[in-house]
Amino acid sequence: MPNQRHSYFYPTRIEYGPGVIQELPSMIKESGCSKGLLVTDQGLESAGIPEKVRHLFTDSGIELITYNEVKSNPTCDNVYAGTIVYKESGSTFIVALGGGSPMDVGKTIKVMATHEGPLEQYDDALGGDCLVQNNMPPFYAVPTTAGTGSEVGRSSVILIKATNKKTIIFSPFMLPDIAILDPELTVGLPAGLTAATGVDAFVHNLEAFWVDAFHPFADGISQRGMALCVKNLERAVVNGQNISARGNMLMASSMGATAFQKGLGVNHAIAHALGVYYDLHHGLANATLLIGTTEYNIQDENARAKLASLGSVLGVKNDADEIVAMMSNWLRQLKLPSDLKSFQIDSNDLKKIEKYALADPSCPTNSRKVVAGDVINILERLI
């Protein structure tokens with residue numbers, strides 16, 4: 001593939017550092033904006049983080065109107081409701097504060113602020129990206145979790161009720177203008193969520209590395225991202241105040257989302273299905289599937305060899321089975337499940353879960369070709 005034509009995109013402006021959130025109002029003020037929409041969720045409101053951000057903006061002479069009804073698996077209703085608040089308030093920019101859900105909703109409100117509905121017409125799988133124009137308001141991403149990396153992404157994943165499908169809305173024009181990576185904003189995240197979101201970042205990097213595509217940039221970034229996860233996630237879980245570990249995980253998260261422009265794999269395809277049918281937290285779903293999907297993938301000779309090459313990156317021998325054992329032990333140390341036994345997955349649902357996963361856009365780029373029956377086999381071993 002090195003003798004073929006390729007294009008690569010890494011345009012996001014990233015501002016990193018403890019306390020860097022305090023500089024965001026002045027960055028926005030430089031653009032001449034004076035009123036914006038803050039997109040967040042009730043969990044963060046309970047923790048008091050949005051209120052602190054609102055005070056920062058008020059002190060700088062900028063008004064923030066809040067939409068805080070984002071769900072953990074966001075739907076089109078969240079987008080439509082937030083868009084109404086944006087338009088009726090006279091806002092001219094958007095700040096998304098939180099994990100992947102507020103990020104995805106914020107980016108999609110950015111689209112709907114200047115585009116007509118319904119949202120499903122912008123489905124990337126149906127060529128909807130061609131309908132997204134570069135006429136959208138400025139967007140600023142402030143993650144409070146280290147997992148999705150949505151702050152550097154050009155897409156969102158929204159559950160469309162009309163189709164009951166998690167739908168990717170994609171356009172390079174959806175990229176945040178600035179991503180604010182402030183590890184101090186992540187210190188209040190509970191240990192369990194820190195672990196689950198951190199494994200999400202690891203799986204992003206792993207699946208991106210595994211994709212069979214010529215992308216040396218992404219391959220290098222994904223390897224470093226995996227190393228940061230393995231070296232720092234447990235430290236962040238054990239001591240949530242560890243700014244160094246928290247900061248490294250923020251970086252690993254952004255690196256994973258940067259790398260997976262190559263694509264993802266069956267782990268994410270099934271996780272998306274479990275989010276739709278069981279409302280399972282995305283990071284937790286990825287963790288529960290990691291060992292099962294990895295054991296499935298390494299039955300392919302090329303996928304096995306590529307995984308084995310990561311041994312030196314992950315601190316073990318360059319052997320695929322050693323890496324599986326290391327990941328299993330890592331999940332135990334993080335107190336995360338490596339199967340679905342505790343989630344009461346109904347065996348009668350396996351066919352519809354597989355149907356959904358096979359149609360998911362993450363599936364075609366999996367390191368091993370996934371065919372009918374494969375997803376059911378993976379799930380049967382995990383439930």
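Numbers here are sequence positions counted from 1. Since the structure is predicted, the reported quantities are computational estimates derived from the model, not experimental observations.
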Distance from [X] atom [atom1] to [Y] atom [atom2], nearest 0.5 Å?
X: Ile168; Y: Ser156; atom1: CD1; atom2: OG; answer: 9.0 Å
X: Ile160; Y: Glu120; atom1: CD1; atom2: CD; answer: 5.5 Å
X: Met251; Y: Asn232; atom1: CE; atom2: CG; answer: 12.0 Å
X: Asn135; Y: Thr114; atom1: CG; atom2: OG1; answer: 4.0 Å
X: Lys35; Y: Leu64; atom1: NZ; atom2: CG; answer: 11.0 Å
X: Thr186; Y: Leu193; atom1: OG1; atom2: CG; answer: 12.0 Å

Of all the heavy-atom pairs spanning [X] and [Y], show the shortest one and how long it is.
X: Leu310; Y: Leu206; value: CD1-CD1, 3.9 Å
X: Asn366; Y: Gly265; value: OD1-CA, 3.5 Å
X: Ile291; Y: Ser328; value: CD1-OG, 3.4 Å
X: Pro25; Y: Gln22; value: CD-O, 3.6 Å
X: Met174; Y: Met136; value: N-CE, 4.1 Å
X: Pro364; Y: Pro361; value: CD-O, 3.3 Å

Under 4.5 Å between any side-chain heavy atoms of [X] and [Y], yes or no?
X: Pro143; Y: Met103; value: yes
X: Ile178; Y: Ile14; value: no
X: Pro337; Y: Phe343; value: yes
X: Leu189; Y: Thr144; value: no
X: Gln299; Y: Arg368; value: yes
X: Lys166; Y: Asn73; value: yes

Test Ile270 against Glu354 for side-chain contact (heavy atoms from CB on, under 4.5 Å), laying out the working first.
CA-CA 7 Å; Ile270 302 175; Glu354 176 175 79; over 6 Å; no
With hydrophobic residues grouped by side-chain heavy-atom distances under 4.5 Å, do [X] and [Y] end up in a single group?
X: Phe170; Y: Leu119; answer: no
X: Val70; Y: Phe139; answer: yes
X: Val111; Y: Val79; answer: yes
X: Val152; Y: Phe209; answer: no
X: Val375; Y: Trp210; answer: yes

Using a strict 4.0 Å threshold on nitrogen-to-oxygen distance, state whether [X] and [Y] make a salt bridge.
X: Glu207; Y: Lys262; result: no
X: Arg13; Y: Asp177; result: no
X: Glu380; Y: Lys341; result: no
X: Asp77; Y: Lys71; result: no
X: Arg224; Y: Asp219; result: no

Answer yes or no: is there a donor N or O on one side and an acceptor on the other, between the side chain of Asn297 and the main chain of Thr293, under 3.5 Å?
yes
Might you work through the side-chain contact (heavy atoms from CB on, under 4.5 Å) test for Met255 and His204, ending with a clear yes or no?
CA-CA 9 Å; Met255 291 165 79; His204 285 158; over 6 Å; no
Hey, mind stepping through Asp129 and Ser171 against side-chain hydrogen bond (donor to acceptor under 3.5 Å, both in side chains) and telling me if it holds?
CA-CA 5 Å; Asp129 60 307; Ser171 171; over 6 Å; no
Run the numbers on Asp124 and Arg154 for salt bridge (Lys or Arg N to Asp or Glu O under 4.0 Å), then give the verdict.
CA-CA 11 Å; Asp124 182 56; Arg154 66 209 72 202; over 6 Å; no
Mind telling me whether Tyr356 and Tyr277 have parallel, tilted or perpendicular rings, with 30° and 60° as the class edges?
perpendicular
Check the pair Asn68, Thr66 against side-chain hydrogen bond (donor to acceptor under 3.5 Å, both in side chains), reporting the backbone distance first and the verdict last.
CA-CA 6 Å; Asn68 57 17; Thr66 302; 5.9 Å; no
Please check if any side-chain donor atom of [X] sits under 3.5 Å from a side-chain acceptor atom of [Y], or the reverse.
X: Tyr296; Y: Asn377; value: no
X: Asp346; Y: Asn348; value: yes
X: Thr194; Y: Arg246; value: yes

I'd like to know whether Asp123 forms a salt bridge (Lys or Arg N to Asp or Glu O under 4.0 Å) with Lys165, so could you lay out the CA-CA distance, the side-chain angles of the two residues, the decisive distance to 0.1 Å, and finally the verdict.
CA-CA 10 Å; Asp123 184 344; Lys165 187 176 77 169; 3.0 Å; yes
Might you confirm whether atom CD of Glu116 has over 12 heavy atoms from other residues, nucleotides or ligands at distances under 6.0 Å?
no
Please assess Leu97 against Val39 for the test side-chain contact (heavy atoms from CB on, under 4.5 Å), listing each intermediate value before the final yes or no.
CA-CA 6 Å; Leu97 175 73; Val39 180; over 6 Å; no
Just do the side-chain contact (heavy atoms from CB on, under 4.5 Å) check on Arg235 and Met249 with the steps written out, would you?
CA-CA 10 Å; Arg235 294 168 59 215; Met249 285 308 303; over 6 Å; no
Might you work through the side-chain hydrogen bond (donor to acceptor under 3.5 Å, both in side chains) test for Ser254 and Glu151, ending with a clear yes or no?
CA-CA 7 Å; Ser254 291; Glu151 67 275 1; 2.5 Å; yes
Is there any ring-ring contact (aromatic ring centres under 6.0 Å, His included) pair reaching into residues 58-104, and which pairs are they, with sequence neighbours excluded?
none
Does Lys29 form a side-chain hydrogen bond (donor to acceptor under 3.5 Å, both in side chains) with Ser60? I'd like the steps, not just the answer.
CA-CA 8 Å; Lys29 207 166 188 178; Ser60 297; 5.9 Å; no
